[in-house]
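Before any comments, here is the structure.
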Amino acid sequence: MFLKEEAGRKIRVSDETKTMLVVGGALPIEKFDPTFFYNMALRETSDIINRVSVTLDVETAHAQLEVSEDRKRVRLTWTVRRVPDTGKRFTKYGCVLGSEGFTSGRHYWEVEVAGSRYWSLGVAAESVERKRGVTRTPETGVWSIARLGDWFVALTSPLSPLPARPIPGRVGVYLSYESGTVSFYDADTKSHLHTFTGNKFTEKLYPFFRTCDENQWLRICSGSAPGV
């Protein structure tokens, strides 16, 4: 599986990588107070931020993924379900998309990841590759962060280690379509984890989930955007 393969790669961590840079920008995040940055990004009125009630699209789920009846949880089972191989379904990696896509606006949702050691979360373009094995980065239409065992990274090329300690148990994802940003937060400590910037979105984006940890649920929470 991709996540475990990536975990086995040698990730160079030096004094230079201790400063987490905004992807696509030039300003180091360390210049911002984390709580201030978090509130600044999400300080909008409740009728502007869409606090999304995300559900999972079972028609996109890999055959080895089990989606709960309420479509709020997903886990890897290694049992291959008999499902139609439509154009929407992921067949190479254990991925699933949210049911609702976005072509405008600001959207926020949270995912509980506690207990799982191999996962990635974020957003994916509607045209994302679903059949072949490709590295999932912004260049291939996925903006995500991941836990790869003991590593916590942004999925860029090359991988960008994130200095989060401890690794969060609940992750907030914030998409601002018009400004071309995707941000991630530790939803428990209200601290900023990473931001992808400088993107020009032109197609529908969907919440993206991937898990490679057998029988460990990822659960979509109903938390609201902080600062609202």
Side-chain angles (χ1 to χ4, degrees), residues 1-13 16-25 28-29 54 60-62 65 74 76 90-98 102 107 109-111 113 116-165 167-177 180-187 191-201 203 205-213 216 218 220:
M1 301 297 281
F2 168 74
L3 290 181
K4 293 187 178 179
E5 290 172 359
E6 290 294 331
R9 293 184 183 180
K10 182 177 180 182
I11 300 177
R12 293 165 47 194
V13 180
E16 293 180 356
T17 62
K18 290 179 182 177
T19 298
M20 181 174 64
L21 298 181
V22 178
V23 174
I29 288 295
V54 173
T60 68
H62 186 277
L65 294 183
V74 61
L76 178 68
F90 288 93
T91 57
K92 182 65 176 179
Y93 298 128
C95 306
V96 61
L97 299 180
F102 313 113
H107 310 276
W109 60 95
E110 294 179 0
V111 183
V113 295
S116 179
R117 291 175 52 82
Y118 292 93
W119 52 262
S120 60
L121 300 170
V123 300
E126 187 170 28
S127 63
V128 65
E129 177 59 53
R130 307 181 191 210
K131 308 301 181 183
R132 297 182 296 111
V134 297
T135 303
R136 305 206 177 276
T137 64
E139 290 74 23
T140 60
V142 180
W143 295 261
S144 64
I145 63 173
R147 179 175 182 178
L148 311 172
D150 293 331
W151 294 104
F152 188 48
V153 300
L155 292 180
T156 57
S157 182
L159 298 177
S160 302
L162 302 181
R165 291 295 183 273
I167 293 174
R170 190 161 49 105
V171 175
V173 183
Y174 175 66
L175 165 66
S176 181
Y177 194 97
T181 61
V182 182
S183 297
F184 299 87
Y185 303 91
D186 183 325
S191 57
H192 174 259
L193 298 174
H194 189 74
T195 294
F196 293 94
T197 66
N199 304 286
K200 186 176 181 180
F201 299 132
E203 61 180 292
L205 301 178
Y206 291 86
F208 171 83
F209 307 82
R210 185 173 178 192
T211 177
C212 289
D213 205 347
Q216 294 294 329
L218 301 184
I220 301 167

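All values reported here derive from a predicted model rather than from experimental measurement. Residue numbers count from 1 along this sequence.
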* Report yes if the side chains of Ile145 and Leu162 come closer than 4.5 Å at any heavy-atom pair, otherwise no. => yes
* Please report the closest heavy-atom contact between Ala146 and Ser120, naming both atoms and the distance. => CB-CB, 3.7 Å
* Asked: Tell me, do Phe90 and Leu65 make a side-chain contact under 4.5 Å, heavy atoms counted?
  -> no
* Does the side-chain contact (heavy atoms from CB on, under 4.5 Å) test come out yes or no for Phe209 and Leu121, once each step is laid out? -> CA-CA 5 Å; Phe209 307 82; Leu121 300 170; 3.6 Å; yes
* Asked: Are Arg210 and Tyr93 in a cation-pi contact, defined as NZ or CZ under 6.0 Å from the six-membered ring centre and within 45° of the axis?
  -> yes
* To do: With sequence neighbours excluded, tell me which residues meet side chain to side chain donor-acceptor pair (under 3.5 Å) with Thr91.
  => none
* Between Leu97 and Ala124, which heavy-atom pair has the shortest distance, and what is it? -> CD2-CB, 4.0 Å
* Could you list the residues that satisfy side chain to side chain contact (heavy atoms under 4.5 Å, CB included) with Tyr177, not counting sequence neighbours? => Phe201, Leu205
* To do: Keeping to residues at least two apart or across chains, list the salt bridge (Lys or Arg N to Asp or Glu O under 4.0 Å) pairs with something in residues 116-126.
  => Arg117-Asp150
* Mind checking what makes side chain to side chain donor-acceptor pair (under 3.5 Å) contact with Glu129, not counting sequence neighbours? -> Arg132
* **Considering all heavy atoms, the nearest Trp143-Ala125 contact** => CZ3-N, 4.2 Å
* Could you pull out the closest heavy-atom pair between Ser116 and Gln216, with the gap in Å? => CB-CB, 4.0 Å
* To do: Examine the side chains of Glu203 and Ser127 and answer whether a donor and an acceptor come within less than 3.5 Å of each other.
  => yes
* Asked: Among all residues two or more places apart in sequence or in another chain, which pass the side chain to side chain donor-acceptor pair (under 3.5 Å) test with Arg130?
  -> none
* To do: Could you check Phe152 against Leu193 for side-chain contact (heavy atoms from CB on, under 4.5 Å), going step by step and ending with a plain yes or no?
  => CA-CA 10 Å; Phe152 188 48; Leu193 298 174; 4.0 Å; yes
* To do: Drop me the distance from Ser183's OG to Tyr174's OH, to the nearest 0.5 angstrom.
  => 7.5 Å
* Structure fact -> Of all heavy-atom pairs linking Val54 and Gly98, the shortest is CG1-CA, 4.3 Å
* side-chain contact (heavy atoms from CB on, under 4.5 Å) assessment of Phe184 paired with Val173 -> CA-CA 5 Å; Phe184 299 87; Val173 183; 4.0 Å; yes
* Worked verdict on Trp119 versus Val171 for side-chain contact (heavy atoms from CB on, under 4.5 Å) -> CA-CA 11 Å; Trp119 52 262; Val171 175; 4.0 Å; yes
* To do: Return the set of residues passing side chain to side chain contact (heavy atoms under 4.5 Å, CB included) with Thr140 (not counting sequence neighbours), or none when no residue passes.
  => Thr137
* To do: Indicate the atoms forming the closest heavy-atom contact of Arg136 with Cys95, along with that distance.
  => NE-SG, 3.9 Å
